[in-house]
There are 2 protein chains.
Amino acid sequence: MAIRPAEQLIHKAAWLYYAHGLRQDQVASQLNISRASVAMYLRKARETGIVNISTSTQLFTDDVLARKLEDALKLDAVWIAPENDYVLDPSTDIAVLAASVFLELVKKGDRIGVAWGRTVYTIADIMSYADLQDVTVVQLCGNLGAPYSYRPDQCTMEIARRLNAKGLNFYAPLVLTTELLAHGLRAEPVIREQLANISNCDLALYSVGTVDADCHVVKCGALSAGEMTLLRELGAAGVIAGQIIDAAGKALDCSYNRRVISASLSSLRQIEKRLMVVQEDSKFEPLLAALAGGLCTHLVVGASMARRLLDHAGASAGAKKAS
Amino acid sequence: MAIRPAEQLIHKAAWLYYAHGLRQDQVASQLNISRASVAMYLRKARETGIVNISTSTQLFTDDVLARKLEDALKLDAVWIAPENDYVLDPSTDIAVLAASVFLELVKKGDRIGVAWGRTVYTIADIMSYADLQDVTVVQLCGNLGAPYSYRPDQCTMEIARRLNAKGLNFYAPLVLTTELLAHGLRAEPVIREQLANISNCDLALYSVGTVDADCHVVKCGALSAGEMTLLRELGAAGVIAGQIIDAAGKALDCSYNRRVISASLSSLRQIEKRLMVVQEDSKFEPLLAALAGGLCTHLVVGASMARRLLDHAGASAGAKKAS
DNA sequence: ACGCCAATTTGACTTTTGTCGAGAGCCGTG
DNA sequence: CACGGCTCTCGACAAAAGTCAAATTGGCGT
C-alpha cells in the first residue's frame with residue numbers, strides 16, 4: 001500500500017486541531033503548510049467523516065409534547081422537530097433530526113433493516129459519518145427499476161457507507177406480475193435467507209407511504225393510479241416497506257401484497273427498535289395506520305404532525321370514555 | 001427530569017449550530033439572545049458533551065495510533081505499517097513504508113546520513129528510484145569486512161544510486177583492536193572530515209540493533225558473543241550506528257565504544273530529521289533505549305510494536321502520576 | 001526534453017467567532 | 001424598600017477561520 005500523503009495530512013491536521021485543540025496557524029506551522037491549507041484539510045476531514053460532530057437529541061425528547069405522545073401512543077421514544085421560521089423546508093429539519101436519532105440508536109454489532117423512500121434516502125444523504133464495527137445494514141424490500149435515485153439498494157448502501165458498515169443487498173423486484181412467480185422467488189434460497197433474517201434485526205428505519213394516485217409506489221410503477229384507487233376502496237391506508245396496509249395496520253388482503261417481495265409485517269414487528277420518520281403532514285392517515293399496526297416504536301415527526309397525532313389520540317380516548 | 005431552561009438553551013444553540021450549520025449570529029437571532037451568549041453556550045455544550053467531536057477511530061486505526069504515539073513519545077512524525085493477515089512477512093511492509101517515508105523526507109540539496117543493518121539494506125533494496133540533484137548520502141559508521149551483503153558502504157551506495165545522488169563513503173573499519181589506534185584513525189584528516197560533517201546532515205536513516213548473543217554486531221564479528229554478554233551486564237540495551245547504548249540512550253562507557261569509528265551520538269542528535277525504522281518486535285527494548293536517548297524524531301514501526309510502545313508510554317506515565 | 005494542463009498551495013482579504021469588561025436583572029436580607 | 005452579592009447578558013474589539021484569485025507544483029503527452 002502506497003501511503004496517501006493527502007489523507008495522512010488531513011488526518012494529522014484533524015488530530016491536532018480537534019483532539020489537541022491547537023489553532024489552525026499552530027497546526028500549519030507544525031505541518032509546515034499554510035494556514036489556508038489547514039482550513040481546507042479540516043473541511044475535507046469533516047466532509048469525509050474523519051471527524052464526527054454529533055449533537056445530543058435529548059432536547060427533542062424532553063419536549064413536553066414528545067412526552068405526551070409517547071404516553072398516548074405507547075411508544076418507546078418520540079422526537080419532535082420544532083417548526084422553525086428560518087428554515088425554508090421543515091422536512092429537512094425532520095430528516096436531520098432523524099439522522100441524529102438514528103445514529104444514537106445504532107449500537108455496535110447491530111443489524112439494521114432499511115426500507116426505502118424519499119425520506120429514508122434524504123436521511124441517508126445528510127447522515128454524518130461514523131464507524132461502527134460489525135454493523136450490518138440489510139435491505140427490507142425488493143427493488144424497483146424505476147429511474148428514481150432512491151432505490152432500496154441505494155438507501156441501504158448509502159447508509160452502510162456512512163456507518164462504515166456492511167451492506168447486505170437483495171436483488172429482487174419489489175413486485176412481480178403473478179403471485180405464483182412471487183411465491184417462487186420468495187422460496188429462492190438467497191431471497192428466503194434474507195427475508196428470514198429480517199426479524200433478527202435490532203433496528204429498522206422506515207417511513208410510511210401514502211396511497212394517493214400520485215404516491216410513491218405509483219410513481220415508481222409498482223402500481224397504476226387506477227389500481228391504487230381500487231385498493232384504496234378496499235381499505236388501503238398506507239404503504240410500509242412496499243406493502244399496502246389498512247387502517248388497522250394489517251397487510252391488506254390483495255393481489256398486490258401477495259406479489260410483493262419484502263419483509264413481512266410480522267417480521268418487522270419482531271425488530272426491537274422500529275424507527276419511523278414522517279416528514280410530510282399529508283402522511284397523517286398512513287401514519288395512524290402504521291401506529292395502529294404496531295409497526296413503530298420510535299417516532300420522529302414535525303411539530304404540526306405531533307399536535308395532530310396528540311389531538312387524534314385525545315379525541316379517540318375521549319370518545320372511548322364517552323361511549 | 002425536566003431540564004433547566006439554561007440547559008434547554010444550550011441544547012437548542014448546539015443543535016442549530018452544529019446539526020443545522022447555522023452561523024452564530026443566525027442562532028442568536030433565532031433564540032433572541034446575543035451572539036456572545038451563543039458563543040458561550042456553544043462552549044458549554046462542547047464542555048458538557050452535548051456535542052461530541054471525535055476523530056474517527058476504527059476506520060483509521062493506524063493513523064490514530066500514530067498520532068497518539070507522536071504525542072506520547074514527543075516525536076515529529078510516526079508511521080505505522082498496518083498488519084495485514086494476507087502478507088506473510090510484515091517486516092516487508094514496514095520496509096516498503098519506510099522507503100516511501102524516506103523519499104518523502106528527502107529534500108533537494110539534502111545531506112543524508114545512512115547507517116547500516118539488515119533493515120537499512122532492505123529499505124535501500126526496495127526503494128524506488130528518484131532523481132534528486134545535489135543530494136549527498138554519507139556513511140555514518142565504519143565498515144566491517146564481514147561477508148555480509150549489507151555492509152555500511154553498500155547501504156550508502158545503494159541508496160545513493162537509487163536517488164541518483166552522490167555517495168560519500170568512508171573506508172575505515174567499524175571497530176579496531178585498540179583504543180589508541182581508533183583515536184589515531186579518527187584524527188586522520190579524511191576520516192575526521194567525514195565524521196565532523198555528520199552533524200551537518202539534514203536527515204539520518206537507521207535502525208536499532210539488539211544486544212543478544214546472536215545479534216548483528218556479533219554476527220559481523222565486531223564483538224564476540226561472550227563480550228556482548230559482558231556488555232549487557234554493564235547495561236547495554238541497544239546498538240545505534242555500531243555503538244552500544246544503555247537504557248537511557250547514552251553511549252555505554254566501555255572499551256568497545258571507544259574503539260569504534262562511527263558518528264558520535266551527539267552528532268547524530270544534531271541531525272534535524274532522524275528516521276528510525278524498526279521491523280522486528282524483538283527490538284522493543286533497544287528501541288526504547290534509542291527513544292530515551294533522543295536518537296529518533298521520525299519513526300516507522302509495525303502496528304504491534306506501536307501498540308507496545310503506547311502501552312509502555314501510558315504505563316510509565318501512569319506510574320509517574322502515581323508516585 | 002519540452003511545454004501544457006490539472007491539481008494543489010498560497011497570500012491577501014472578508015467573514016465569523018471568542019473574549020472581556022460593563023451593565024442589567026434577580027433574589028434574599030437588613 | 002433599598003442594598004449588596006450574584007449570575008446572566010450584551011456590545012465592542014481582537015483573534016481565528018473561511019474564501020478566492022493567483023501562483024506554483026507535479027504529472028503527462030508530444
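When reading the values below, keep in mind they use all heavy atoms of this one structure, side chains included, and skip hydrogens, waters and symmetry mates. Chain letters run A, B, ... following the sequence lines, proteins first, then strands; residues in each count from 1. Since the structure is predicted, the reported quantities are computational estimates derived from the model, not experimental observations.
- Contact annotation: the side chain of Asp202(B) never approaches that of Ile271(B) to less than 4.5 Å [non-hydrogen atoms, C-beta and beyond].
- Checking dC10(D), dA16(D), dC20(D) against every side-chain atom of Ala36(A), the shortest atom distance belongs to dC20(D).
- Look at CZ on Arg35(B): it is 15 Å from P on dA14(D), rounded to the nearest Å.
- Each of Asn32(A) and Asp25(B) was assigned the nucleotide of DNA chain C with the nearest heavy atom; the assignment lying further toward the 5' end belongs to Asn32(A).
- For DNA chain C, the contact window with chain A, defined by any atom under 4.0 Å from a protein heavy atom, covers dT9(C) to dG11(C) in 5' to 3' order.
- Every side chain to side chain contact (heavy atoms under 4.5 Å, CB included) that Gln26(B) has, sequence neighbours left out, goes to Leu22(B), Arg23(B).
- Between Leu295(B) and Arg274(B) there is no side-chain heavy-atom pair separated by less than 4.5 Å.
- Ring geometry for Trp15(B) versus His20(B): interplanar angle over 60°, hence perpendicular rather than tilted (30 to 60°).
- As a whole-Å value, the separation of Lys44(B) NZ from dC8(D) C1' is 8 Å.
- Closest to the side chain of Tyr41(B), out of dT9(D), dG18(D), dA12(D), is dT9(D).
- In this view, Asp153(B) and Arg151(B) satisfy the salt bridge (Lys or Arg N to Asp or Glu O under 4.0 Å) rule, not counting sequence neighbours.
- Whole-Å rounding puts the Arg23(B) CZ to dG18(D) P distance at 13 Å.
- Counting heavy atoms from C-beta outward, Leu163(A) and Leu103(A) have side chains that approach closer than 4.5 Å.
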